[in-house]
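What follows is a short report on a single structure.
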2 protein chains.
Amino acid sequence: MATIKDVAKQAGVSVATVSRVINGIGYVHEDTRKKVETAITELQYTPNEVARSLYKRKSRLIGLVLPDITNPFFPELARGAEDEMQENDFRIIFGNSDEKLDKEQEYIQTFVQNNVVGLIASTNYPDTDTYRNLGIPVVFLDRTADNRPSVYSDGREGGRMAAREILARGSRRITVMRGPEHIRPAQDRFQGAIEKLKDQGIAYNVIHTSSFAFTEAGTWAKELFERYPDTDGVIASNDIVATAVLHEAQRLGKKVPDDVQIIGFDDISLSSLLTPSLTTIRQPAYDMGRAAARLLIQLIENKKVDQKTIQMPVTFTERDTTRKVEQQHG
Amino acid sequence: MATIKDVAKQAGVSVATVSRVINGIGYVHEDTRKKVETAITELQYTPNEVARSLYKRKSRLIGLVLPDITNPFFPELARGAEDEMQENDFRIIFGNSDEKLDKEQEYIQTFVQNNVVGLIASTNYPDTDTYRNLGIPVVFLDRTADNRPSVYSDGREGGRMAAREILARGSRRITVMRGPEHIRPAQDRFQGAIEKLKDQGIAYNVIHTSSFAFTEAGTWAKELFERYPDTDGVIASNDIVATAVLHEAQRLGKKVPDDVQIIGFDDISLSSLLTPSLTTIRQPAYDMGRAAARLLIQLIENKKVDQKTIQMPVTFTERDTTRKVEQQHG
DNA sequence: TTGTACGCGTTATCAT
DNA sequence: ATGATAACGCGTACAA
């Protein structure tokens with residue numbers, strides 16, 4: 001690897017001059033600029049980011065902590081963030097936390113050790129010391145902490161929405177699936193759903209789903225129909241779980257949506273490819289990732305930020321695991 | 001952020017001594033070690049990886065280039081690689097190439113600029129200068145280049161397997177879906193399938209699927225049944241496409257597997273949750289990721305490597321989009 | 001307009 | 001057993 005010294009020697013100038021042409025800063029004669037530039041291409045020189053980072057005490061690296069990219073919701077967030085960062089010449093160091101504090105902290109430590117200029121984190125522990133006085137801007141993604149920069153969607157409203165729509169379509173023996181307790185958005189949507197249900201005076205059952213893993217989703221689904229076989233409406237904790245419920249319902253010979261209606265959460269890509277295709281509360285994951293990246297870049301560049309917390313809308317995405325609602329009559 | 005100097009001052013020793021206790025190298029008196037260690041914890045000192053990296057000309061960072069983590073096959077690879085790397089104190093810088101050479105090269109350049117010690121790449125262009133004389137070990141994942149370190153599975157055999165099994169289960173009007181031309185593994189499995197079909201003297205149709213995106217998968221499925229409505233067996237280019245085909249078949253009122261059998265490729269998590277659940281040729285994605293990481297670590301540490309190219313087995317994973325084969329009679 | 005020299009935080013060499 | 005100091009590659013005062 002050629003260094004700035006090699007270029008200087010080759011061009012017959014000092015390293016300072018080379019540095020100037022690279023960064024386009026300060027005066028430099030047109031002729032010497034040419035010389036330097038040809039030297040650079042001849043030697044295929046590219047600046048050493050590590051040396052730069054050491055001197056400036058900051059890199060072009062961004063840390064990204066996500067729970068688990070094996071859950072299809074998160075790759076969408078990741079791609080949104082990555083694409084936006086890429087376009088702004090930032091690169092991403094990445095880690096899956098599995099929703100565990102120690103893993104998360106381990107990653108964040110190494111991010112900091114590598115001089116990342118900013119952090120995007122989808123964490124359940126935004127209020128730990130880990131994030132206070134980190135010295136670099138942090139944007140929470142898919143999670144919030146009051147008055148800290150964050151991009152998330154309105155889970156509570158999403159929950160209400162799910163309850164409202166499933167009621168409007170005639171389900172009365174509803175089972176709500178409650179996601180993992182330490183995952184905030186999962187609790188928000190659950191709370192929203194039961195809030196609406198209570199509001200309407202509708203009784204409901206609850207099934208606890210202590211993970212979002214594909215491998216375990218089937219278990220919750222089985223448990224659901226064993227414990228509450230007369231369920232005619234399921235508000236699932238997310239699309240993965242909803243998929244498992246749909247699968248199990250069909251295995252039991254139930255007709256969806258005639259016997260059981262199912263509503264998921266997230267709108268991951270596969271949802272529209274199921275049969276029947278999955279009705280769900282959509283979160284604009286990719287856009288959330290982009291928004292988080294944009295917000296972080298603003299923070300990094302000390303731009304004035306119009307809003308520190310961005311709440312994205314959830315939308316009821318009607319497909320075929322719910323019945324068609326009757327036409328309103330005027 | 002405290003530096004090694006701060007620690008030295010605090011402990012009343014020189015930076016050299018601090019460095020020794022950190023790295024556990026050379027002699028250092030038990031008492032001074034204690035002093036240094038308490039200073040370290042008091043100041044919450046952690047070494048600056050950037051400075052280390054600059055001096056040593058190598059970091060603890062690994063570059064990972066994948067086509068697109070939005071395709072559920074790749075997060076599995078990524079997690080396998082990440083988990084193995086994490087356990088060995090390496091961290092990952094990541095980029096999605098979208099199978100495009102320029103994006104890929106851009107990422108690799110910044111990886112190199114950041115002193116990564118190794119690279120895991122799922123590339124269609126292993127033989128470009130980008131990878132020759134990079135100066136750091138590279139492991140190709142899910143792709144091969146002759147005699148270069150790589151971890152992949154036997155796509156050709158997988159294709160043959162798919163053809164053999166669908167024939168054994170009675171399909172005779174088979175449509176084979178051919179994946180994107182520039183993606184090697186897609187072509188391998190396609191070639192394997194038609195090889196077997198020709199071998200058995202069975203005619204077949206071909207549908208071209210020029211991407212693996214969820215959003216486009218539906219298009220190929222529609223095209224398939226419009227052009228070849230009497231198809232009674234589909235060998236899909238991967239599980240995403242297979243899912244779309246299943247969806248479309250059901251939309252058209254076809255019974256799966258009675259009217260049409262479908263075989264996918266990869267065995268992504270959702271496949272077992274479809275109804276009917278998807279028969280597929282499984283690649284052990286997570287293990288492939290791990291194996292690639294292990295191989296790369298060996299290369300980095302200059303260990304003698306038992307085998308540079310690791311071919312993982314594909315397995316026929318029989319589920320419900322294929323008919324049960326008749327019992328063999330003795 | 002250009003060059004010299006120092007510092008960023010480490011590690012390693014060489015004295016002591 | 002410990003300390004001074006030169007490098008690693010770059011950017012920037014300051015001098016020329």
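Treat the numbers as computed from the prediction; the structure is a model and nothing was measured. A, B, ... follow the sequence lines: proteins, then strands. Residue 1 opens every chain. All heavy atoms count here, side chains included; hydrogens, waters and symmetry mates do not.
- Between B:R184 and B:D142 there is no salt bridge, since no side-chain N of the basic residue sits under 4.0 Å from a carboxylate O of the acidic one.
- Put simply, chain A comes within 4.0 Å of DNA chain C, heavy atom to any atom, from C:dT1 to C:dG9, going 5' to 3'.
- Side-chain atoms of A:V28 and A:V36, non-hydrogen and from C-beta on, never get closer than 4.5 Å to each other.
- Residues B:L77 and B:M288 come closest through the heavy atom pair CD2-CB, 3.8 Å.
- DNA chain D is contacted by B:Y27, B:V28, B:H29, B:T32 of residues 26-43 of chain B, taking any non-hydrogen atom closer than 4.0 Å.
- Smallest separation of non-hydrogen atoms from A:N114 and A:L61: O-CD2, 4.2 Å.
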Open item on the list: One character per nucleotide, please: for nucleotides 4-11 of chain D, 5' to 3', B when the base has a protein heavy atom closer than 4.0 Å, S when only the sugar-phosphate does, - otherwise.
Closed with: BB-BBBBB

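- Pairing each heavy atom of B:I108 with each of B:L134, the nearest pair is CG2-CD1, 4.3 Å.
- Partner of A:N96 under the side-chain contact (heavy atoms from CB on, under 4.5 Å) criterion, out of A:T70, A:N71, A:I69: A:I69 alone.
- When the side chain to side chain donor-acceptor pair (under 3.5 Å) test is applied to A:S53, the partners found at least two apart in sequence or on another chain are A:N115.
- In this structure, B:F212 has its ring center at least 6.0 angstrom away from the ring center of B:F73.
- In the helix from C:dT1-D:dA16 to C:dT16-D:dA1, the end axes, each obtained as the rotation axis mapping the C1' atoms of four pairs onto the next four within a five-pair block, lie 50° apart to the nearest 10 degrees.
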Side chains of residues 87-95 of chain B: which donor-acceptor partners sit under 3.5 Å, not counting sequence neighbours?
unit_1: B:E87; atom_1: OE1; unit_2: B:R290; atom_2: NH1; d: 3.2
unit_1: B:E87; atom_1: OE2; unit_2: B:R290; atom_2: NH1; d: 3.4
unit_1: B:E87; atom_1: OE2; unit_2: B:R290; atom_2: NH2; d: 3.1
unit_1: B:N88; atom_1: ND2; unit_2: B:E84; atom_2: O; d: 2.8
unit_1: B:R91; atom_1: NE; unit_2: A:T110; atom_2: OG1; d: 3.2
unit_1: B:R91; atom_1: NH1; unit_2: B:Q86; atom_2: OE1; d: 3.2

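- Ion pairing between B:K103 and B:D68 fails under the 4.0 Å rule for side-chain N and carboxylate O.
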TODO: Give the intermediate values and the outcome of salt bridge (charged side-chain N to carboxylate O under 4.0 Å, His left out) for residues B:K100 and B:E104.
DONE: CA-CA 6 Å; B:K100 300 212 190 81; B:E104 179 178 325; over 6 Å; no

Task: Intermediate values then yes/no, side-chain contact (heavy atoms from CB on, under 4.5 Å), A:R20 and A:V13 - done: CA-CA 11 Å; A:R20 284 189 202 98; A:V13 298; over 6 Å; no

